[in-house]
Amino acid sequence: MDTLDGVKWLYSDGWVLFRASGTEPVVRIYVEARSPDLVRALLRESRAFVEGV
């Protein structure tokens, strides 16, 4: 985990960055991974985490 500019979860196949907006009530989620399918899966799980689902 890296907390320099938000919270970044580091995985062997990619990463997820959660970053709160300083000007609006929004959390932005950035994802990078080895495949488009993994990006979609990480984004889906990350969004559910933020929304509390």
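Computed from a prediction, not measured in an experiment: that's the story for all the values here.
In terms of the salt bridge (Lys or Arg N to Asp or Glu O under 4.0 Å) criterion, Arg44 has no residue partners (sequence neighbours excluded). Remark: Leu43 pairs with Ile29, Val31 by the side-chain contact (heavy atoms from CB on, under 4.5 Å) rule, at least two apart or across chains. For Thr23, the side chain to side chain donor-acceptor pair (under 3.5 Å) partners at least two apart in sequence or on another chain are Ser21.
Once rounded to the nearest 0.5 Å, the distance linking CD of Glu45 with CZ of Arg40 reads 13.5 Å. Distance CZ/Arg28 to CG/Leu17: 11.5 Å, rounded to 0.5 Å.
Sorted by first then second residue, the ring-ring contact (aromatic ring centres under 6.0 Å, His included) pairs that include residues 18-39, not counting sequence neighbours, are Trp9-Phe18, Phe18-Phe49.
Using a 4.5 Å heavy-atom cutoff, the side chains of Leu38 and Tyr11 are not in contact.
Shown here for Val39 and Glu32, the closest heavy-atom pair between the two residues is CG2-C, 4.4 Å.
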